[in-house]
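Input: a single structure, listed below in structure tokens.
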Amino acid sequence: MPAILEVQDLRVSYTAGREVLKGINFTVDADDFLAIIGPSGSGKSTLIRCVNRLVEPSGGQILFEGRDLLKLGESKMRAERRNIGMIFQEFNLIERLSVIDNVLTGRLGYTGTWRSLFRAFSKDDIRNAVRLLDRVGLIEHLDKRADQLSGGQRQRVGIARALIQNPKMLLVDEPTSSLDPKIAREVMTLIREIAREFNVPVLCNIHDVDLALEFCSRVIGLQEGTKRFDGPPSEIDKHVLADIYSMEVL
Amino acid sequence: MNAPVCAVAKPLPEWRRFRFPQSLYKYAVALATLGFLAWSLDVLRIDVERLPGILGRMFEVLSDRYWPPHVHHVLESAYIDAVIDTFQMSYVATILGLLIAMPLAWFGSFNMTPSRRFLYPAARLIVMACRSIHEMIWIILLVAIIGFGMLPGTLAMTLFCVGFAGKLLAEAVEAIRKGPVEAVRASGANKLQVFVFAVLPQVRVAWTGIAIYTWDVVFRAATVVGFFGAGGMGHFLRESVQRVESQQVAAIVLSIVLIVFVAELLSAWIRNSISRAIG
């Protein structure tokens, strides 16, 4: 499988001199479900945000299908972002918009500015939004306002919003930490299913090690901005975890 | 015998709320505040003993010269036309002012501005310039430039509205949640799309409230701009004052109080029902 994403020597420092990421290298293959685990503050969230440049890296290369994203100007980067869907920890829905309008925001990158000002999304986009909401099990809630949904339902809207972009890769940032354990597994199951269905690789940030081991095909362990582990879940044992979390794991 | 709470006798630090340098600053500030107040009272020659008599004299003057108000004066069609003019002036000025203030609020909000280096300081500067010049000074300036009438009043109220609403609208934008902004950016949306889809829905209620409140404040100011030659009901006030028609003045002032009061009630009621409907 060819790599769809290749990250080389990625560095980020928010304040000069203090690096949050200290030269990270990894690749994401076209059929990967890659989990990033690590303690709080290890740079997981920063790492994932560098890929679509919500966070601006200070050095390194991010090759997406061979194109270096860090060299792109603003409008070219916006065009690339359409290829990268993102699912968030706090769902990040627009609470006062309806469920279907939230999903349709995923098409803004493809919609002209004037059309989008009047929310004049194309008929295809609207049909697609309805189809995706049906797929994630929210067909009865199309017109509800997003803030009327439960946590699990909101995350499903977030998933549909990422999918409508027709992405070539999904970035997933702590999808389950605002959810209870049962809903968390349902959401992870759904993400795994759609990743197969839509044939997109997933780069997923997750603090729950058990979920990572169960759902992911590969794991990267991060600690204080450096990569400590990169391999399949089967290779993760007590010692690896002790190393990543720099503590005794019982 | 019970065991002592602290087994090892360790010297504990003594804690005091105020320590030497801080306590000195505190008393120095208090002394300076009071000292300046005493000095100002002395310079202004405010005779505290005369204050209680003022109420009595005020009542005397009011009952001698201003009572009864010539109510029929404010019921004449010319005055009622002026009230409608004033209303229209405040309405046009508020809408124009808001149309200018809304993009300025976007540019002048630190978190959402499209350019922190140019647009942000430029927008802040415009809003601050409108604020720092009092609306009455705008009127005097504009009447001097374009002459008497509704136009200088409307323009002055528009500028006032830009300064007033521009700041409040921008503050509402600065208080939004960042998450939805990130999500919309991540979809490849441009800056205007991010503003329309991630910011506007979040500030819709606050902005509507601010818009109506702005109209209310603009209307209150518009009732007196005529005093300086800028049209509306204030013009009648000036004429009556100059002719020393005190009973007419009384009627006009009472009508202004009443109308402003009604406008405030109306604006509060509309704001409440809107935030209930779309909050």
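All chains are named by letter (A, B, ...) in the order of the sequence lines, taking the proteins before the strands, and each is independently numbered beginning at 1.
Contacts of A/E193 classified as side chain to side chain donor-acceptor pair (under 3.5 Å), with partners at least two apart in sequence or in another chain: A/R135. Contacts of B/R116 classified as side chain to side chain donor-acceptor pair (under 3.5 Å), with partners at least two apart in sequence or in another chain: none.
Residue B/Y27 places its OH atom among 12 or fewer non-hydrogen atoms of other residues, nucleotides or ligands, all under 6.0 Å distant. B/Y213 OH: 12 or fewer foreign heavy atoms inside a 6.0 Å radius.
Chosen from A/I94, A/I87, A/N83, the residue pairing most often with chain B at heavy-atom distances under 4.5 Å is A/I94. Between chain B and the options A/T105, A/L171, A/N52, the largest number of non-hydrogen pairs under 4.5 Å is found for A/T105.
Looking at A/E74, the atoms closer than 4.5 Å to chain B (heavy atoms on both sides) all sit in the side chain, from C-beta outward. With a 4.5 angstrom heavy-atom cutoff, A/R49 touches chain B only via side-chain atoms. In this structure, chain B has a heavy atom under 4.5 Å from the side chain of A/L97, while its backbone stays farther away.
In this structure, the separation between CD on B/Q202 and CD on A/E95 is 8.0 Å, given to the nearest 0.5 Å.
At a heavy-atom cut-off of under 4.5 Å, chain A is reached by B/G179, B/P180, B/E182, B/A183, B/V184, B/R185, B/A186, B/S187, B/G188, B/A189, B/N190, B/K191, B/L192, B/Q193, B/V196, B/F197, B/A198 from residues 178-199 of chain B, listed in order of number.
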Identify every side-chain donor-acceptor pair in residues 157-167 of chain A under 3.5 Å, counting partners at least two apart or on other chains, and give the distances.
| unit_1 | atom_1 | unit_2 | atom_2 | d |
| --- | --- | --- | --- | --- |
| A/R161 | NH1 | A/N92 | O | 3.0 |
| A/R161 | NH2 | A/F91 | O | 2.9 |
| A/R161 | NH2 | A/N92 | O | 3.3 |
| A/Q165 | NE2 | A/R81 | O | 3.1 |
| A/Q165 | NE2 | A/R82 | O | 3.2 |
| A/Q165 | NE2 | A/I84 | O | 3.2 |

